[in-house]
Structures are given as C-alpha cells and as structure tokens.
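Source: prediction; values computed, not measured.
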Protein chains: 2
Amino acid sequence: MSTTSTISREIADTLRTEILRQQYRCGERLPSERDLAARYNASRGAVREALSQLEQNGLISIHPGGARVQPIESASIAILGPLMNLSALPDPELVSQFLRTFAALATDNAKEAVEKANAEQLIRMKSLLVLLNQHAGDVETMQPHWINMLEYMATIADNLVVRLIGNDLKAQFVDQMMNLGLKPQLNKKNLNQVLNNLKQSLAKRDSELAGSAVQMYFNELRISIVADIKSRLANLQKRAG
Amino acid sequence: MSTTSTISREIADTLRTEILRQQYRCGERLPSERDLAARYNASRGAVREALSQLEQNGLISIHPGGARVQPIESASIAILGPLMNLSALPDPELVSQFLRTFAALATDNAKEAVEKANAEQLIRMKSLLVLLNQHAGDVETMQPHWINMLEYMATIADNLVVRLIGNDLKAQFVDQMMNLGLKPQLNKKNLNQVLNNLKQSLAKRDSELAGSAVQMYFNELRISIVADIKSRLANLQKRAG
DNA sequence: CCGACCAATTTGGTCTGACCAATTGAACAC
DNA sequence: GTGTTCAATTGGTCAGACCAAATTGGTCGG
C-alpha cells in the first residue's frame, strides 16, 4: 500500500542512490535544476520537489547558486534504508551497527518498562513471556512473540523519542531484512538464559536484569545474522571469482 | 548560519506547528493545496514543496484526493525540535525522554569504544579523562570536555547508525537547550564515582564499566535538568496564577 | 429508510513559460 | 598577480493549464 509512485519521488530515489554511491564528490555542485529536469524528462517543479526531499534527508544543501552534496555523516536516518539497498546484500558492518543501536534502545525500553509497569502490565508481560518460552524451540515461530514483547515494553515505557527513532529504524531496516529470509540460529543455552533472566527480572522487578536480558538477546541475534550475511557474501564471491 | 528563509519553508513551519498543536485532528484532511496557496498568498508550487517536507517528516500522507494528518507516533525524529519549541519552556517529560535516549546511545558508544580502541586511542581517552578530572569542580567549564570525550568515543566506536541518530537528536535538542542557559547541579560524590569508574574502565579495558559510568553521568544530568525545568515551570505558574 | 450506483466536482501530479534576486565566474583594468 | 566589474547562471516564486484518481452528492432501486 501507500507509496504512490510519482515522478518527483523517482527522481529523488535516483539522485539519492547516485549520491550514496558517491557518484558526486562531497561538496561538489549538483547539476542545475534545469539540467536535471532535462535529464529526467521532467519539469523543474518535479525536480525541485525531489531536491527538497533530499535536502530534508540532509544529503544536499540548496543555496542560490547551486545545490551541494553534504557529507554522509551529517545526513538523517532516512538514508539508512537506501544505503542498505545499494546492493543485493547489505553491508554486514552496517547491519551490525543497526542491530547494536536497536539493542541499545530496546534495552532502555525494557529497563523503563520493568521500572514503571503497574500490576496489570506486569502480568501481561509475564504472559507474553510464557508464550516466548513455549516457542523457545523454534526461532522462526518465536520471532513474532519477541516482537509482541518488545512492542509491549515500548508501550509501557512510553518514550516518544525512542518510539520515533524505532519507527525510522524499523522502516529502514526490518522490512528489508525480512526480504532476505534470514533464519538466525540462536544458541539455545544462551536463549534459555535470556528467558530465565527476563522471568526473574519480572518477578523481582529488577530493571537492570531485564535490560541485560534484552541486550543479550539482541547480541545473539546480531552475531547470528551478521555471520549469515557474511557467509552469503563469501559464497557470492567464490561464485564470481 | 545557513537556513535561508524561503516561502515554502515558512509555510512548512507554520503548518508543522499547527499540526503539532493538534489544530487538525489525526486522520483529518488538510485544506487543499489551492486553498493553502490562497491562505498564505503563495503559489501552489511553494505549498507543494512545503507539504512535501511535512510528508518527509511523517506528519502527513499525501494521496490524490487530499493530504491527511498522520498520528504523531509515526512521525520522524525531525519533529522533536519543533515539538519542543511549541512553548517557551519545553515539556520536561519530553526532555527526560530525550536525555534517556541520548544516554542509551552514548552508553553503547562508550562500550564499543573501550572494546575496540587501539593503544593510541586508549591513551587519548585517558588524557581527555584527565582534563575532565581537572574541571570536576565546575560543571560549567567541564561541559565542553565531556562533549570532547563523548565525541571522541563516538569517533572510535564509528557506528554510523548511532552517529546519524545523534546528529538528528543534537540538531533537535542540544542547541535549544543551550538557549535555556541551564546550569545543571551535579552531585559531586556521584560525579567523582563516574570519573573513577571511567578511569578504571580505561585501565582494565572494561567496556561494561565504561558504559555504566556514562549511563550514570547522563542520569545525574537528566535528573538535574528536568528538576530545573520543572521548577521554572512552577515559578511561571505561580506568577500567572 | 437504507444501500448501491453513477456523474460532477475536487484534488493531487505534472508541465510550460516567465520574472526576480543572489551567486558565480570570467573578462577586464590595475 | 590582484581586485573590480558585469553578464550568465542558478535557485525561489508565480500564474495558468491539463490529466487521472478520489471524493462528493444525488439518484435510483430495494
């Protein structure tokens, strides 16, 4: 649903990819709006809307005299998705950073959730944990229950800043990961420890323990996923070489 | 510098504020581009660019038939700045969430920095820590040294995702906080413990300890700042009532 | 009274062509 | 070389037009 395809969006996508591929050097001037309009067979208005989006992305800065490419480190999160889509398989380093970041935020959510949960919310978390335990055998079917748990923790923590970042990150990352059809292999022993720690943290309302449990889970997930991507990359290279 | 004032930007700012003030109910249709153009005495093109920016902000979704207001929880980080600027004094709850989030990311950076730092980087961090200790007496002059330390840790951690989020958060938050001229009062005993833990973490390359030290620092900072804002708000209310 | 259907209107997406002010860049004078 | 000047370029804005999709409101059948 949603993403209605428009000329301006297509232009923005194309230019964004070109910039992320570093086909324009940082600081370099982009072609003029009129040139771009000619190149893409579009009107200046469409080009301007595209450039306006790229400026919002922090990829370029538009001044009278010309639009200049900005260093990628000063861009906004919105570019992470396109950055990961530059090739069929995302950069494992970037994926690792992504999961680290996601872990940090989820950990904070877990801590705050356990801290401020009321009795009813505590019970609900415990019941969600039971579901997690029931599916501990199969990572595949456990996934949605993890999402439920983390989502519910986020609801309790009720941190707008984290939620907004999480939205962006999810939009940029999760959907694209799904497409890869990753089947992470989690160490069962460690997973059991995660679930046990989570259980204890809920029982004793120990927020630090809850945080470290979530942290450990994401750590496992990260290591597994990154390894998977790296091995796929190695296979590709072997086939190509 | 930079922010050249353009009509489209002004329109975007005005509409953004109106939406954040909930002057349009969520799901409600915005006035048509033609209406807005008439209202702001501007051309449709300018209005379209403004709306395009708001769509990038996740505040509205534009479809043929009309632009509709989206729930704020599905917006992007870019709205946090405007959200905090709705009134002279920002919502303390939002500030608290901000600092929590910032803490979570800085903590992760600290952990990774201590983990992967080479000998030279370790030395540099120690020297930065010496500077911190020298200014431990005065929170005011210590601030820039903290920024240096955290910035250097971020450089070592070299996590693009965290950096981009940090950029956004800083752009939305830090500058506006500076204007308030806050003078946080940190508990000296706790501050000393933070510095000591940091020192030990560097000596033993204990990433967890480094993380908890940074966490504790931000915790102190957050409590102090939030209390400050709350007391100011109380003063304002007393004067008004 | 209600729901399904259809046409008129409205709305966003795009294009063309035009004007202004600021910037740029090259020719020019020193 | 260096500083100045001036014309070409560039972004910002406007007006008016067309199309396709969505909305709206009225009509018709139940």
Side-chain angles (χ1 to χ4, degrees), chain A residues 1-16 18-19 23-71 74-75 78, chain B residues 1-16 18-19 23-71 74-76:
Chain A
M1 51 160 295
S2 67
T3 59
T4 49
S5 175
T6 60
I7 302 276
S8 59
R9 223 182 290 271
E10 283 175 29
I11 297 176
D13 288 344
T14 306
L15 278 177
R16 190 183 298 111
E18 288 184 5
I19 293 175
Q23 297 181 12
Y24 300 96
R25 261 172 304 180
C26 174
E28 192 177 334
R29 248 190 30 210
L30 239 51
S32 73
E33 296 177 350
R34 293 167 177 84
D35 284 354
L36 290 173
R39 176 191 303 185
Y40 293 111
N41 243 322
S43 69
R44 251 189 87 197
V47 170
R48 279 185 62 75
E49 281 174 35
L51 290 183
S52 170
Q53 291 172 27
L54 294 188
E55 193 185 30
Q56 287 280 311
N57 285 346
L59 280 178
I60 64 176
S61 70
I62 307 179
H63 293 96
R68 300 197 120 82
V69 177
Q70 295 282 110
S74 69
Chain B
M1 52 163 300
S2 68
T3 59
T4 49
S5 174
T6 59
I7 303 277
S8 60
R9 224 181 289 271
E10 284 175 28
I11 297 177
D13 288 343
T14 306
L15 278 177
R16 190 183 298 110
E18 288 184 6
I19 294 176
Q23 296 181 13
Y24 300 96
R25 261 172 305 182
C26 173
E28 192 178 336
R29 247 189 34 210
L30 239 49
S32 73
E33 297 176 351
R34 293 167 176 86
D35 284 354
L36 290 172
R39 174 191 304 185
Y40 293 111
N41 243 321
S43 69
R44 253 190 86 197
V47 170
R48 277 185 62 76
E49 281 173 35
L51 291 182
S52 171
Q53 290 171 27
L54 294 188
E55 193 185 31
Q56 287 280 312
N57 285 345
L59 279 178
I60 64 175
S61 71
I62 307 180
H63 294 96
R68 299 197 122 80
V69 177
Q70 296 281 109
S74 69
S76 91

Trainee: May I have the distance from A:Ile60 (atom CD1) to D:dG11 (atom C1'), rounded to whole angstrom?
Mentor: 12 Å
Trainee: Listing time: all N or O pairs from protein to nucleotides 9-12 of chain C that are below 3.5 Å?
Mentor:
{"from": "C:dG12", "atom 1": "OP2", "to": "B:Glu33", "atom 2": "N", "distance (Å)": "2.9"}
{"from": "C:dG12", "atom 1": "N7", "to": "B:Arg34", "atom 2": "NH1", "distance (Å)": "3.0"}
{"from": "C:dG12", "atom 1": "O6", "to": "B:Arg34", "atom 2": "NH2", "distance (Å)": "3.1"}

Trainee: Specify the closest pair of heavy atoms between A:Ser8 and A:Ala46, including all atoms of both residues, with the distance to one decimal.
Mentor: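 The answer is CB-O, 3.4 Å.
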Trainee: Could you tell me how far apart B:Gln53 (CD) and D:dG12 (P) are, to the nearest whole angstrom?
Mentor: 11 Å
Trainee: Begin from the C-alpha positions of B:Gln56 and B:Ser76 and carry the test side-chain hydrogen bond (donor to acceptor under 3.5 Å, both in side chains) through to its verdict.
Mentor: CA-CA 8 Å; B:Gln56 287 280 312; B:Ser76 91; over 6 Å; no
Trainee: Could you tell me which non-hydrogen atom of A:Leu54 sits nearest to which non-hydrogen atom of A:Ala12, and how far apart they are?
Mentor: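 Distance-wise, the nearest heavy atoms are CD2-O, 3.8 Å.
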Trainee: Look at B:Ser8 and D:dG12 and indicate whether a side-chain polar atom (N or O) is within less than 4.0 Å of OP1 or OP2.
Mentor: no
Trainee: Please name the pair of heavy atoms, one in B:Val69 and one in B:Arg25, separated by the smallest distance, quoted to 0.1 Å.
Mentor: CB-O, 3.8 Å
Trainee: More 5' along DNA chain C: A:Glu49 or A:Arg68, using each one's nearest nucleotide?
Mentor: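 Final value for this comparison: A:Glu49.
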Trainee: Is any side-chain heavy atom of B:Glu49 closer than 4.5 Å to a side-chain heavy atom of A:Arg48?
Mentor: yes
Trainee: Measure the CG-CG distance between A:Leu59 and A:Leu15 for me, rounded to the nearest 0.5 Å.
Mentor: 10.0 Å
